[in-house]
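Everything on this sheet refers to the single structure shown next.
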Amino acid sequence: MLAYTIRRLLMLIPVLIGMTIITFSIVHLIPGNPAQVILGESATETQVQDLEESMGLNEPYIVQFGIYVSDLLQGDLGTSLKTKASINKEILPKLAATFELTFFAMLFAIIIGVNAGIISAWRHNSWFDFFAMLFALVGVSMPVFWLALMEQWIFAQELGWLPAHGRQDSRSQIDPITHFYVLDSILHMDMKQLFISLKHLVLPSIALGTIPMAIIARMTRSSMLEVMSSDYIRTIRAKGSGQFLVIYKHALKNATIPVLTIIGLQTGVLLGGAILTETIFSWPGIGRYIYDAISYRDYPVIQSGILVVALIFVMINLIVDLLYAFIDPRIKY
Amino acid sequence: MTTEKKEQEKVDIHPNKEGYEPDEITAISPWKDAFRRLRKNRLSMTGFFIIVFFIIVGIFAPLLTSHGIDDQELVNRLQPPSSEHWFGTDDLGRDILTRIAYGARISLLVGFIAVTGALIFGTLLGIIAGYFGKWVDMVISRIFDILLAFPSILLAIAIVAILGPSLQNALVAIAIINIPIFGRLVRSKVLSLREEEFVMAAKAQGLKNGRIIFHHILPNSLAPIIVQATLGFGTAILEAAALGFLGLGAKQPTPEWGYMLSNARDFIQLAPWTLVFPGISIMLVVLGFNLIGDGLRDALDPKMKN
């Protein structure tokens, strides 16, 4: 286990170097004159020169890369071209917003997905099984952003049940402590605010959580089917244990490992999906941050935003891998 | 099919043995067998027909409608579905059905080109890594790791940010993000095949590497590649739509489905039909490929027989 952990950590080094090379390239490998591209067609000669100067674009690539990496190592993500503010400061509340959304999306995906998978396996080949799996197939085939827009149209515009934009009402702003608004409103003991925050979370969480939900449901089903046909389950059944106990106590335990892996991997995928969901629901998270940066050609923000998300993605994958080896000692690496 | 039958099949290839009566057993190649099982899979056939439908719509788009993709009738802006405009019109008074029909061409072509590109490069790199091993494998595998370290849509955004937003560059980006998926798949397959006796035998006969790869290893790794390619078609189409939606892919007046949706966003309340139909089209096409892919996986998996 220790040897595996060390090896897995060592394997991260080339990946991290490669990642910084790619995000570095986002600005520095733009064909033609990067400063001109960033500023747009109408920029004057002096503006272009100024930007080149301030971003160090005149130096050789190696020097530029050296500066980029040494800044990163000091924890400096650069300065936004649009707001002139430090990206480090801007990005933290946005990360919190994204984490909150991802958490609730995953919660939705796991609760519905795992249970649908279990019932499908339990009532194998029933109507429930058929429709659940059909629904799961449709779920993975849907563009996230389309689902999000449809939700907005039906539940926000037509029915008016839920808010379509943002994290809170503009009239009652929360005083952020952790920037996780659900947590903040609990800390403030503000029930009304808690309700508002949760209400804002519903539509984006469902939109973002649908694909992982479908994948988790399919995985749980096939994993459960495999376990349910094993000898030990037959023994427990023969002992006369009730159906519910057999499934939730005995079968689920052994069916969990592949499901856990999928859950871990999907959490990472959610971070990518967040860029689309957040854009549509005006959710002030990191995805929306990157999207806005794209429209403003705010390249330092694009670079750092992508790098930060990728870093989190890599960390999640690392944890999943280690957890996998930890939970199932039969796996030898 | 049982293992005994398989044994007999092997015998069938060399019917020189005495007392052997070839009439009793008819040999079926594994591919034909898989195809037969695929045809029995109702869901897969549904998927197949969905795809065929969209291919036909794409090819015969000019015959299906009398409108052009950029025929702007500003008087008829945002009209609801009617007998003249089955799916209604968009904000510039263009017929949505027409744009969806022509859009089928774009989506299917995008899927095809991106998957083919990823397939060729991914397979080549995977074979080289798996077959030659050592430092070559190290380098290629690390490159795959790096590419897979990004959530795929973010990597696509990064690549488009470098190359500049356009449909072609979106295509390139989608192909690149899918390379490591094929690459890893092929590599692991080659790694296991490399130890097989028939490959050893080929090596012992002094066959050249190229011949061993293309005549012995590649044909035996085809099944998972085909499944992945089919499923990859769907993801590529979704990714292209996402990039189009973010304004990083197709531009006006190209009737790309994702881009149509990003326009429709502003008219959710006024004209929901601008939103509904392009989305359903994307979903159906992707569903079609997923259904075929799932069916192929089952059909090509020997464990799933019976």
Side-chain angles (χ1 to χ4, degrees), chain A residues 11-12 14-19 21-23 25-32 37 133-134 137-138 140-147 149-150 152-154 156-158 164 268-276 279-280 287 290-291 294-295 297 299 302-303 305-307 309-311 313-314 317, chain B residues 43 47 138-139 141-165 231 234-235 237-239 241-242 244-248 257-258 261-262 264-265 267-270 272 275-276 278-291 294:
Chain A
M11 268 167 63
L12 269 185
V15 170
L16 292 177
I17 296 172
M19 271 166 46
I21 293 177
I22 289 178
T23 48
S25 315
I26 292 176
V27 167
H28 302 264
L29 287 193
I30 296 175
V37 173
M133 286 308 114
L134 192 70
L137 260 170
V138 173
V140 291
S141 310
M142 240 185 306
V144 185
F145 53 94
W146 182 64
L147 179 65
L149 289 170
M150 292 295 280
Q152 269 190 346
W153 170 45
I154 296 171
Q157 306 275 9
E158 293 296 317
V269 175
L270 276 190
L271 289 169
I275 189 168
L276 294 159
T279 303
I280 290 162
I290 296 173
Y291 174 78
I294 293 171
S295 5
R297 284 182 295 215
Y299 274 85
I302 304 180
Q303 273 183 306
I306 291 180
L307 186 67
V309 176
L311 268 178
F313 189 52
V314 167
N317 282 341
Chain B
L43 276 176
M138 262 298 282
V139 173
S141 293
R142 287 302 84 75
I143 293 174
F144 289 165
D145 284 350
I146 292 165
L147 291 176
L148 289 169
F150 293 86
S152 54
I153 189 75
L154 272 185
L155 183 59
I157 290 173
I159 295 167
V160 177
I162 299 171
L163 300 174
L231 295 171
T235 13
I237 290 172
L238 279 180
E239 281 154 355
F245 181 77
L246 290 172
L248 294 172
W257 292 341
L261 283 175
S262 86
R265 240 185 107 182
F267 309 103
I268 293 186
Q269 223 165 350
L270 274 174
L275 182 71
V276 173
I280 290 181
S281 312
I282 300 175
M283 194 189 74
L284 280 177
V285 171
V286 177
L287 181 67
F289 282 112
N290 283 344
L291 288 174
D294 277 359

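Letters A, B, ... are given to chains in the order of the sequence lines, protein chains preceding strands, and every chain is numbered from 1.
The candidate with the highest count of non-hydrogen atom pairs below 4.5 Å against chain B, out of A/T23, A/L147, A/T279, is A/T279. For the options B/L246, B/L163, B/L147, B/T235, heavy-atom pairs under 4.5 Å to chain A are most numerous at B/L246. Note on A/V314, A/I22, A/I275: by heavy-atom pairs under 4.5 Å with chain B, the leading option is A/I22. Interface check for chain A: of the options B/S262, B/G234, B/P151, B/G288, the most heavy-atom pairs under 4.5 Å are formed by B/P151. In terms of non-hydrogen atom pairs under 4.5 Å with chain A, the most contact-rich of B/A149, B/P278, B/A161 is B/A149. Here A/A310 is the residue among A/G287, A/G305, A/A310 with the most heavy-atom pairs under 4.5 Å with chain B. In terms of heavy-atom pairs under 4.5 angstrom with chain B, the leader among A/I302, A/I21, A/V138, A/N317 is A/V138.
Applying the salt bridge (charged side-chain N to carboxylate O under 4.0 Å, His left out) definition to pairs two or more places apart or across chains, those involving residues 143-159 of chain B are B/R142-B/D145, B/D145-B/R184.
For chain B, no part of A/V144 is nearby; none of its heavy atoms comes within less than 4.5 Å. Contacts of B/L148 with chain A are made by backbone atoms alone, with heavy-atom separations under 4.5 Å and no side-chain atom involved. Heavy atoms of B/L248 lying under 4.5 Å from chain A belong exclusively to its side chain. Only the side chain of B/I153 comes within contact range of chain A, with at least one heavy atom under 4.5 Å from a heavy atom of that chain. Looking at B/I159, neither its backbone nor its side chain comes within 4.5 Å of chain A, counting heavy atoms on both sides. For a residue to count as touching a neighbouring chain, one of its non-hydrogen atoms must lie under 4.5 Å from one of that chain's; by this rule A/I290 touches chain B with the side chain only. For a residue to count as touching a neighbouring chain, one of its non-hydrogen atoms must lie under 4.5 Å from one of that chain's; by this rule B/V276 touches chain A with backbone and side chain alike.
Taking every heavy atom of both residues into account, B/L261 and B/G279 meet most closely at CD2-N, 4.0 Å. Listed here is the closest heavy atom pair of B/I282 and B/G258: CD1-N, 4.3 Å. Nearest heavy-atom pair, B/I162 versus A/S25, reported as atom, atom and distance to 0.1 Å: CG1-O, 3.6 Å.
Scanning for ring pair (Phe, Tyr, Trp, His ring centres under 6.0 Å) contacts around B/F150 gives an empty result, with sequence neighbours left out.
Distance check, rounded to the nearest 0.5 Å: CH2 of A/W146 to CD1 of A/I280 gives 12.0 Å. Atoms CG and CZ, on B/L231 and B/F289 in that order, are 10.5 Å from each other to the nearest 0.5 Å.
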